[in-house]
Amino acid sequence: MDPVPVSWETPKTSETVHKLPCKVDFSGPANVSKMFCIANDGTTSFRGRKLLPTEMKLPEGYIGAVMKKTEVSTDTDEQKLTVTSTFDKFTAWGWDVKVSGSTLDKVVAVQDALHSSD
């Protein structure tokens, strides 16, 4: 599989990013600020189940990127990713429990293994 080309717009920084413990079968714009409401105690719910937040900072030297996919050629199905904003932290939500910091450590370890030159 060939790598997908990535381009950078002038990305806005400090994007608010949330990782939910579920899959939402929707790809497109959503009015998140209206539909995803966080209570005064910092919790929220999804389909009646309580979610608890854990703020996770990306490790030193890492940057998160929010990207949009654009189709470049209909003949070849070639696609391109464009970075639209960046982030250095995100909120991970857990069902009735706070997400462990070791979760991020595991993700970073897998990324390092996949991208190592050895």
Side-chain angles (χ1 to χ4, degrees):
M1 174 188 249
D2 293 332
V4 176
V6 175
S7 68
W8 288 76
E9 292 179 351
T10 304
K12 65 179 184 178
T13 56
S14 302
E15 184 71 33
T16 302
V17 176
H18 297 274
K19 181 191 177 305
L20 297 172
C22 59
K23 180 181 179 190
V24 177
D25 266 343
F26 178 75
S27 178
N31 191 346
V32 176
S33 60
K34 181 180 178 188
M35 303 302 290
F36 188 71
C37 301
I38 300 171
N40 290 338
D41 65 356
T43 65
T44 191
S45 63
F46 184 73
R47 295 190 176 165
R49 293 188 61 188
K50 187 174 184 175
L51 296 171
L52 298 177
T54 302
E55 186 174 287
M56 300 188 140
K57 294 182 191 244
L58 298 181
E60 188 70 34
Y62 284 78
I63 186 169
V66 176
M67 299 183 201
K68 69 179 176 183
K69 182 169 58 171
T70 56
E71 193 173 301
V72 175
S73 169
T74 54
D75 297 334
T76 62
D77 290 331
E78 183 179 306
Q79 297 179 349
K80 175 179 143 185
L81 296 174
T82 302
V83 177
T84 58
S85 59
T86 60
F87 60 94
D88 60 2
K89 63 184 175 184
F90 64 96
T91 302
W93 295 89
W95 297 117
D96 296 322
V97 295
K98 289 200 172 256
V99 176
S100 151
S102 66
T103 302
L104 180 59
D105 294 339
K106 290 174 188 171
V107 171
V108 170
V110 168
Q111 292 290 339
D112 285 345
L114 290 172
H115 297 297
S116 70
S117 58
D118 296 344

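For the numbers below, each heavy atom of this structure counts, side chains included, while hydrogens, waters and symmetry mates do not.
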Where Met67 and Leu81 come nearest, the two heavy atoms and their spacing: SD-CD1, 3.7 Å
Gap separating the NZ atom of Lys57 from the CZ atom of Phe90, nearest 0.5 angstrom: 12.5 Å
For Val17 against Lys89, the heavy-atom pair lying closest together: CB-O, 4.5 Å
side-chain hydrogen bond (donor to acceptor under 3.5 Å, both in side chains) involving Thr43 - partner list, sequence neighbours excluded: Asp41
Same apolar cluster (I L V M F W Y, side chains within < 4.5 Å links), Leu52/Trp95: no
Main-chain N/O of Leu51 paired with Thr44 side-chain donor or acceptor, under 3.5 Å: no
Residues that Glu60 engages under side-chain contact (heavy atoms from CB on, under 4.5 Å), provided they are two or more places apart: none
Any side-chain heavy-atom pair of Ile38 and His18 under 4.5 Å: yes
Heavy-atom closest pair, residues Pro53 and Gly42: CG-O, 3.1 Å
Considering all heavy atoms, the nearest Ile63-Leu58 contact: C-CD1, 3.7 Å
For the student: nearest non-hydrogen atoms of Ala92 and Met56, plus distance: CB-SD, 4.0 Å
